[in-house]
Amino acid sequence: MPAENAAIERGVHPKSWTYENIATMRRQLKSMGLAIDWSREFATCDPSYYRHEQAMFIDFINAGLVERRVSLVNWDPVDQTVLANEQVIDGRGWRSGAVVEKRELAQWFLKITDYAEDLLTALDGLTTWPDKVRLMQKNWIGRSEGMTFTFELEDANGRKLDEGLTVYTTRHDTIFGASFCAVSADHPLSKRLSEANPALDRFRKEVAALGTSEENIERAEKRGCPLDVFAHHPFLKDVKLPVYAANFVLMGYGEGAIFGCPGHDQRDWDFAQKYHLPIIPVVGPRGSDVSVSDAPYLEKDGEDTVLINSDFLNGMTVTEAKAEVAKRFESSGIGKRTVNFRLRDWGVSRQRYWGCPIPVVHCPECGIVPVPKSELPVELPEEVKFDKPGNPLAHHPTWKHVNCPNCNTPATRETDTFDTFIDSSWYFARFTSPHDENPVNAEAAKYWLPVDQYIGGVEHAILHLLYSRFYSRAMHKTGHLNADEPFASLFTQGMVIHETFRTAAGEWVLPSDAIQKDGAWVHATTGEPLIVGGIEKMSKSKRNVVDPDTIIAAYGADTARWFMLSDTPPERDIEWTEAGAEGSWKFTQKIWRIINDIAELPEAEATMAADGLALRRVAHRSVATITDDLNNLRFNRSIARIYELSNAMGPALQIANKSPDLIGALREAGDFLVTVMAPMMPHLAEECWTLLGHDTAVVDTAWPKTIASLVEVDEVTIAIQVNGKRRDEILVAKGADRGMLETRVLELENIKRAIEGKTVKKVIIVPDRIVNIVVAD
RNA sequence: GCGGGCGUGGCGUAAUGGUAGCCGCAACGGACUUAAAAUCCGUUUUUCGAAAGGAAGUGCCGGUUCGAGUCCGGCCGCCCGCACCA
């Protein structure tokens, strides 16, 4: 979409726009020195990639994973296209920010709901995914257990209707609290009755016009329109419940119809208040005699909460009552237990040009005919015009006119293209064999997949990450992949954020144009005072961006990498500041000085002699913890330890000429320092490595081996507490004897003073850690 | 409304239930310099004290424990996700 929008706004072709951006980003990634295997690069907009996508789509059709149906869809009026549910954020298009409308359109769907249960239960196996992401997916899939059952209906004259009203509920225990039924405005019953009911017809139109944005939903009061039909209570012969069309019932969930129990549901309560319907409490504290309620009683199931006012259910707990009602419904055949999911099928049609064409043909004779695989790819036409709104493919003079692959009579191509999330749902599988004839080479996929460590922003928790999990299953079913889960481990990293600046007139100003003068921020060229705004995600619209090229020109790639890793744990957002970058840059200078100094020292071996031992202990201990931290992606902690190591080396260098043993220790520490910093500052590390006299590259060097006796501490500082308050500390050999410790501790002046005149009741000794003397007056 | 997370110095942060504040930034003092920058050394939670040494302190209130930033309960605040899902 950005490619196509650029085309519309600036007249450049989406293709050249895309490839130019790829070239820029490739150059920037390379200048950061990232270790990427560029021989595997491909672009998802290239026909050599999307032909496989088209072929797999045809396999998906044959496997029953695809459906085309008319449905109410999310329409983005700015981007002029349909959006999937996942792409509607707060009632607005995820990209355009426009308020999304509801439209009825024929659309292609991938049947992700077939995998709802599996996608949910398999989350338990993704133990190295963040709990947060798993929970978000769980909530999004939204499994609920309940019952569907059918009411008999009669009209205003008491005549029984042929059709019944089927509803879904999770609270069948509250059936005796039912005081009305409600259907969605789009429910077939409401549609049919509106033909002869002008008030209902008007109501339906009003509801449709209201839209689905969050603001509208929040503000909208519960409204309804009577259908003038009545539902028979399943257990009470004389009770007839009025049926309404209501604006708060969603057609897309369950049966699009409910029974209302105002005593135990906020919405139903609001509705009953407005239309003066009975409010019957049916769940309450055991032994209570509640007959009226001021508000819905929403207390959870519990020992002391039982059914009341509910005939044969009286006295049962909610769980017992549910079971009883389910039993009776099922034996009388009016209902059954059902499981419902919130998850909807994935609408993949987009009315846009710059995407992968959906490889089907609409034939007036044969209907929908997939393009034969031998004729793939269905390529996008290069010459397109963006002079009018809507889909350029539909407007193209020739492209869509083809003969039916089946009967060879004139037919038209599908002009919708795929949602780009399809492109990203299997690219990782393609990376394993980017030039293979088939979408995925089985052997390569077996070797590489699932992805060991996937890294991305949490914003994809229920978009890309859910789509990919489904897509892997679909590829598995169609024989393209041998696994269901694409990503073994997931890490959600934070973003680089930055202060925002703007002028009094409200214009956003680039950070590079903002300077500090006499403590106040002003515009670098105009001198205009600037307002400092929030620290936010870097975005072009707020101009709070720092160009990677500028950073690299000013500080170099290593400084940029170092700063991004050093300040904050990687899962958190990091604020890019000039001062922070400056600090990292100073550190690179410091490393360079230290390594230069070491390089000038004579050759010497690291020994166990006393002179070098203290430094060696620091070096070996540092490497041990840094290794552990790096393995756990705790980069900020590793960096703190690297600082400590370098801080220990400075003073040692001052006195190095006095002892060959110290020189040996320094040379070893220098090698260690360079090796452990190499993953984060690769360029400087290589320079330092050469300077230290090695003729290989650090990147090819084995990770340093630590010596256990140097890593282990032999002396520990033990804190001495009296009643939990620290009063002193002593240095003792590791593993010191309890009895000896207790005797020594009680002889300490500070301790004597603290326990003077009191009785020692207990001495708690945690070996190598702490001694706590418990005293009483 | 429902679900989840987080509250620690001036700031970014660190602490398997065991000495709160490692490391860095900023600030301040000193050395070097004609001077500045850079660099090096030192100070830096608050508070009382000349010092030695006390006292308080991880959003607030309470609990468990010999011992709580960490565990439990209740508040307050901020952030994120979902949201008329029956």
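Here is how names work: the chains are called A, B, and so on, in the same order as the sequence lines, proteins then strands, and each is numbered from 1. Small disclaimer: the values here were computed from a predicted structure and weren't measured.
Defined by atom type and a distance below 3.5 Å, a donor-acceptor pair is present between the side-chain atoms of A/Q266 and A/D270. A/S144 and A/Y168 form a side-chain donor-acceptor contact under 3.5 Å, judged by distance and modelled atom types alone. With no hydrogens or angles considered, a side-chain donor-acceptor pair links A/R753 and A/N750 at under 3.5 Å. Checked by atom type, the side-chain pair A/N647/A/K590 shows a donor-acceptor distance below 3.5 Å.
Comparing B/rC66, B/rG18, B/rG54 against the side chain of A/K762 picks out B/rC66 as the nearest. Comparing B/rA86, B/rU19, B/rA14 by their closest approach to the side chain of A/N636 singles out B/rA14. Listed candidates were B/rG12, B/rG18, B/rA86. Nearest to the side chain of A/T568 is B/rG12. The side chain of A/W140 sits closest to B/rC82 out of B/rA86, B/rC82, B/rG81. Of the candidate nucleotides B/rG18, B/rU13, B/rA86, B/rU13 has the atom nearest to the side chain of A/R572.
At a threshold of 4.0 angstrom between heavy atoms, the contacts of A/T717 include nucleobase atoms, whether or not backbone atoms are also involved. In this structure, A/R223 reaches neither bases nor backbone, as no heavy-atom distance under 4.0 Å exists between it and the strands shown. Residue A/V774 is in sugar-phosphate contact alone, with no base atom involved, counting any heavy-atom pair closer than 4.0 Å across all strands shown. A/T169 comes within 4.0 angstrom of sugar-phosphate atoms only, judged by non-hydrogen atoms across all strands, and of no base. Among the heavy atoms of the strands lying under 4.0 Å from A/L135 are primed sugar atoms or P, OP1, OP2 only; no base atom is included. Using a 4.0 Å heavy-atom distance criterion, A/V167 is classed as making no nucleic acid contact.
Contact check, A/R342 against B/rA86: no side-chain N or O comes under 4.0 Å of OP1 or OP2. Residue A/R726 has no polar side-chain atom (N or O) positioned under 4.0 Å from OP1 or OP2 of B/rA20. For B/rA56, the OP1/OP2 oxygens have a side-chain nitrogen or oxygen of A/K725 closer than 4.0 Å. For A/Y168 and B/rA86, the shortest distance from a side-chain N or O to OP1 or OP2 is not below 4.0 Å. Contact between the side-chain N/O atoms of A/R134 and the OP1/OP2 oxygens of B/rG4 is not found at any separation under 4.0 Å. Under 4.0 angstrom from either OP1 or OP2 of B/rC85 there lies no side-chain N or O belonging to A/N340. The phosphate of B/rG1 (OP1 or OP2) has no side-chain N or O of A/R267 nearer than 4.0 angstrom.
Taking atom CG of A/L165 as the reference point, atom C1' of B/rA86 lies 13 Å away to the nearest angstrom. One atom, CG of A/D573, and another, P of B/rC80, lie 10 Å apart when rounded to the nearest Å. Look at CG on A/D768: it is 13 Å from P on B/rU19, rounded to the nearest Å. Protein atom CG of A/D186 is 14 Å distant from nucleotide atom C1' of B/rC84, rounded to whole Å. Summarising the geometry, the separation between CG on A/D131 and P on B/rG3 is reported as 17 Å, rounded to the nearest angstrom. Atoms CD (A/E571) and C1' (B/rC6) sit 12 Å apart, rounded to a whole Å. In this structure, A/N632 atom CG and B/rA14 atom P are separated by 14 Å, rounded to whole Å. The CD-C1' distance, from A/Q137 to B/rG3, rounds to 15 Å in whole Å.
Side-chain atoms of A/R637 and base atoms of B/rU13 include no donor and acceptor less than 3.5 Å apart. Checked by distance alone, A/K222 brings a side-chain donor or acceptor within 3.5 Å of a matching partner on the base of B/rC84.
Below 30°, between 30° and 60°, or above 60°: for A/Y275 and A/Y244 the angle between ring planes is between 30° and 60°, a tilted geometry.
Here, B/rG54 and B/rA36 have their C1' atoms 44 Å apart, quoted to the whole Å. Annotation: B/rA52 and B/rA26 have their C1' atoms spaced 32 Å apart (nearest Å). Taking atom P in both B/rU70 and B/rU16, the straight-line distance is 13 Å, to the nearest Å. Rounded to a whole angstrom, the distance from the P atom of B/rA15 to that of B/rG24 is 16 Å. Here the separation of B/rG69 from B/rG7, taken at their C1' atoms, is 11 Å to the nearest Å. B/rG59 and B/rG77: their P atoms are spaced 16 Å apart (whole Å). Nucleotides B/rG18 and B/rG67 place their C1' atoms 7 Å apart, quoted to the nearest Å. Rounded to the nearest Å, the gap between the P atom of B/rU47 and that of B/rC66 is 35 Å.
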Q.
Using a 4.0 Å heavy-atom cut-off to protein, can you give one letter per nucleotide of nucleotides 22-30 of chain B, 5' to 3': B if the base is in contact, S if only the sugar-phosphate is, - if neither?
A. BSS------

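Comment: A/D268 does not engage A/K222 in a salt bridge, judged by the lack of any side-chain N to carboxylate O separation of less than 4.0 angstrom. Between A/R337 and A/E145 no salt bridge is recorded (no basic side-chain N to carboxylate O distance below 4.0 Å). In summary, A/E712 and A/K734 do not engage in a salt bridge, as defined by a charged side-chain N under 4.0 Å from a carboxylate O. The existence of a salt bridge linking A/D186 and A/R204 is confirmed by a sub-4.0 Å separation between a basic side-chain nitrogen and an acidic carboxylate oxygen.
In this structure, B/rU16 makes no Watson-Crick or G-U wobble pair, since no nucleotide meets both defining distances under 3.5 angstrom. Remark: B/rG7 base-pairs with B/rC76; criterion is Watson-Crick or G-U wobble with both hydrogen-bond distances under 3.5 Å. Checking B/rG81 for Watson-Crick or G-U wobble geometry (two distances, each under 3.5 Å) identifies B/rC2 as its partner. Searching all strands for a Watson-Crick or G-U wobble partner of B/rA55 with both distances below 3.5 Å returns B/rU46. Pair assignment for B/rC40: B/rG30, on the basis of Watson-Crick or G-U wobble contacts that are both within less than 3.5 Å.
Residue-to-nucleotide proximity on RNA chain B shows that, of A/R593 and A/I773, the 5′-proximal contact is made by A/R593. For A/I462 and A/I770, each mapped to the nucleotide of RNA chain B holding its nearest heavy atom, the one lying further toward the 5' end belongs to A/I770.
Between the side chain of A/R621 and the backbone N or O of A/V711, at least one donor-acceptor pair lies under 3.5 Å.
For the side chain to side chain contact (heavy atoms under 4.5 Å, CB included) with A/I720, the lone residue among A/L746, A/L741, A/I751 that qualifies is A/I751.
Glycosidic conformation at B/rG12 (O4'-C1'-N9-C4 for purines, O4'-C1'-N1-C2 for pyrimidines): anti, more than 90° from 0.
Rounding to the nearest 0.5 angstrom, the gap separating the CG atom in A/L465 from the CH2 atom in A/W129 is 4.5 Å.
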